[in-house]
Amino acid sequence: MSDPLATLSALLSPVFTELAGDRAEGGAAPDPTVRPSDRADAQINGALPLAKRIGTNPRELAQAVVDSGVLAGVASELEVAGPGFVNVTFASSFLEAQLAAIAADDRLGVPEAPQRLNVVVDYSAPNVAKEMHVGHLRSTVIGDALVRMLSFLGHHVIRENHIGDWGRPFGMLIEHLLDLGEDIAAEGLSQGDLDGFYKAANAKFTESEEFQERARDRVVLLQNGDEETLVLWRRLVEMSNSYFDRVYRKLGVLLTDEDLAGESRYQPLMEGAYERLEGTELLVEDDGAMVVFPPGFTNRDGDPLPLIFRSRTGAFMYATSDLACVIDRAERLDADLMLYVVGSPQAQHLQMVFEVCKMAGWLVEPRQAIHVAFGNVLGDDRKMMRSRAGESVKLIELLDEAIERAGDAIAEKNPEIDAQDREAVAAMVGIGAVKYSDLSTDRIKDYVFDWDRMLAFEGNTGPYLQYAHARICSIFRRAGTDRASVRATAIELAAPQERALAMRLLALPTALDVTLESYSPHKLCTYVYDLAVDFSAFYENCPVLKADEPTRSSRLALADLTARVLAQALDLLGIEAPEQM
RNA sequence: GCGCUCGUAGCUCAAUGGAUAGAGCACUUGACUACGGAUCAAGCGGUUGGGAGUUCGACUCUCUCCGAGCGCGCCA
């Protein structure tokens, strides 16, 4: 761990334990509570709670921490302040050594997780023969970022795209496919007109009784595994998947066909899951349905709320499917962790499913399932984002608009760039802007989608971060120096802006840790933004190319390291870092 | 009605129980014969929805009230 704060914490822990002595026995080990500080490089806050616990004077205890001498070589200055804080200033030599270490490290100081976990991430989940809309954006983008971060830490990540490829609507969809003829349907669907297809089918269903009957018969055939029907169903799924794939490529996420784990896949597992549930005696009959009453859930009348696993008519429900899912992930995939990147309205349902799985013994600590919930994308009217016609906005159109707007802005700000480069950069900038605006606020909250703000290129936006990266690349272009060639150069920290930048660069591992502690990508966004701001201050105050040696080389090395950390952190968010823009 | 989530500057958002609640936008004022001004610096702007409690210390934890969104049995 390269973070100087982490080093402090590690060095101080034994000191605190010793100072606590036997008077603190029984409790948890005392935490030095090292925090960033605006009055010094860091502050140690742990003396206050410890003094309280063992009944001594906090300032004296803080002084004892200082006198322990364990920070020799790490800190150049230690000062007891206020009621018992210790302000720490790092020795430049220490920071310089840490910088050298991360500069020589492909992982930029981020250690691999001590324990390699099997992590299933369930995200994106569009519906076959239905358009992907803004509602799918958050799940896809947040899930993708989490997948990237977890993979980077060395975990074994299994992506699962739980597409809606099964169920009653497929009767009418298949009949509509037959009516149209496969070729015509394929043409429409491959053009991305999924909504038109679905709506036409739906319209016929509501209008024509004859069609309804055919649709219902078709569902039965599908469920009974009729081969001809299955062929048609597969065609439909394939056509949708190739469309989804186009969207994913444009969006730049890692999902591929390999990751498809649709509802149909869990269909054959439901019977077994259900039988095992029967074996637990949790299952009870209620009003003809087979249900479980997990404790703590009530309906509007204050009665226990059931989770229904088999309807009165004998059909399995989506709870049954979710149950089969958990069992499959736990037993076949041996998942230590299951992340459900699903909108917050599903909170209660998932909570109930997880609870039943716990009661039945299929979800036992340390194996755990977590709902990574998120809020809505809102329009400027603060309501669910809709197109002018009142329909949900097609994701693909939204992405195209982002790219177009970014292209216009680039053409305006950087007329020298050639058309081909501009096109490539516009995609990186436009998509990056959309992703960053989605990732940079706390996922649990709704957020307002605002073109002007996300593409403003100023303030806390994707383009601003990319710009910081592009500027660094520009320095090297101008210098005619290969970036890799400066990586072994010693960095000397003299100016305060250099120190601040260095501290930030070293903090990447901590930023990743706190991000994954709560699966909140916005924390990593805040880190990257702070890094870009620190770099801007450095750039403004510390001339690189005009500096004398050895300062010039040192600053080139610092700039290169900054670009690497920027690009790495952006990559973990799924955002590309162009070399010019 | 019950449950979950949210409420922070005019707007959009931050803040692992730590000192004086921070950014961006907007507004005001400065800085280009230095590496990309798509920038930087400074100013303005707050009883953190109200109240109570826990704590040496609360935006953060607990309770309560107000307001908003979502969910609450045979769709997924």
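Here is how names work: the chains are called A, B, and so on, in the same order as the sequence lines, proteins then strands, and each is numbered from 1.
- For A:Arg478, whose side chain is taken as the heavy atoms from C-beta onward, the closest listed nucleotide among B:C74, B:C35, B:U5 is B:C35.
- For the OP1/OP2 pair of B:G36 and a distance below 4.0 Å, the side-chain nitrogens and oxygens of A:Ser474 include at least one atom meeting the criterion.
- Both tests pass for A:Arg310 against the ring of A:Tyr274: distance under 6.0 Å to the centre and angle within 45° of the axis.
- On the P atoms, B:U5 is 27 Å away from B:G57, given to the nearest whole Å.
- If you check every strand for non-hydrogen atoms under 4.0 Å, A:Ala537 touches nothing.
- Contact annotation: A:Arg471 side-chain N/O to B:G37 OP1/OP2 distance is under 4.0 Å.
- Judged purely by distance below 3.5 Å, without hydrogens or angles, the side chains of A:Asp322 and A:His349 pair a donor atom with an acceptor atom.
- Residue A:Val34 is in base contact, counting any heavy-atom pair closer than 4.0 Å across all strands shown.
- Phosphate proximity of B:G7 to A:Lys445: present, with a side-chain N or O under 4.0 Å from OP1 or OP2.
- In this structure, A:Asp446 atom CG and B:U12 atom C1' are separated by 14 Å, rounded to whole Å.
- Listed in residue order, the members of residues 293-302 of chain A having a heavy atom less than 4.0 Å from RNA chain B are A:Thr298, A:Asn299, A:Arg300.
- Aromatic ring pairs are classed by plane angle as parallel below 30°, tilted from 30° to 60° and perpendicular above 60°; the pair A:Tyr464 and A:Tyr529 is tilted.
- In this structure, A:Glu60 CD and A:Asn57 CG are separated by 4.0 Å, a value rounded to the nearest 0.5 Å.
- Note on A:Ser536: a side-chain N or O is less than 4.0 Å away from OP1 or OP2 of B:C40.
- Within 4.0 Å (heavy atoms only), A:Glu412 reaches no atom of the nucleic acid at all.
- Taking only distance into account, the side chain of A:Tyr467 never meets the base of B:A38 through a donor-acceptor pair shorter than 3.5 Å.
- As rounded to whole Å, 14 Å separates atom C1' of B:C40 from atom CG of A:Asp534.
- A:Leu323 has its side chain within reach of A:Cys357: a pair of non-hydrogen atoms, C-beta onward, lies under 4.5 Å apart.
- Within the 4.0 angstrom heavy-atom criterion, base atoms lie near A:Pro49.
- In this structure, A:Glu263 reaches the sugar-phosphate backbone alone: every heavy-atom distance under 4.0 Å involves primed, P, OP1 or OP2 atoms, never a base.
- Among the protein residues, A:Lys413 comes within range of the nucleic acid bases, having at least one heavy atom under 4.0 Å from a base atom.
- A cation-pi geometry, defined here as NZ or CZ lying under 6.0 Å from the six-membered ring centre and within 45° of its normal, holds between A:Arg471 and A:Tyr539.
- Distance CG (A:Asp122) to C1' (B:A76): 13 Å, rounded to an integer number of Å.
- Toward the 5' end of RNA chain B, the nearer of the two residues A:Ser321 and A:Ser440, judged by each one's closest nucleotide, is A:Ser440.
- Along RNA chain B, the nucleotide closest to A:Ser344 and the one closest to A:Cys542 are compared, and the more 5′ of them pairs with A:Cys542.
- Residue contacts shown for A:Ile444 are limited to sugar-phosphate atoms, with no base heavy atom under 4.0 Å away.
- Here the straight-line distance linking atom SG of A:Cys525 with atom CG of A:Asn460 works out to 7.5 Å at 0.5 Å rounding.
- Contact annotation: A:His522 reaches the phosphate of B:A15 (side-chain N/O to OP1 or OP2, under 4.0 Å).
- Dashed line: the shortest gap from a side-chain N or O of A:Tyr447 to OP1 or OP2 of B:C11 is not under 4.0 Å.
- When only modelled atom types and interatomic distance are considered, A:Asp41 and A:Thr89 share no side-chain donor-acceptor pair under 3.5 Å.
- Here A:Cys525 lies out of heavy-atom contact (under 4.0 Å) with every strand.
- Across all strands, A:Pro83 comes closer than 4.0 Å to no nucleic acid atom at all (heavy-atom distances).
- Within 4.0 Å (heavy atoms only), A:Pro463 reaches no atom of the nucleic acid at all.
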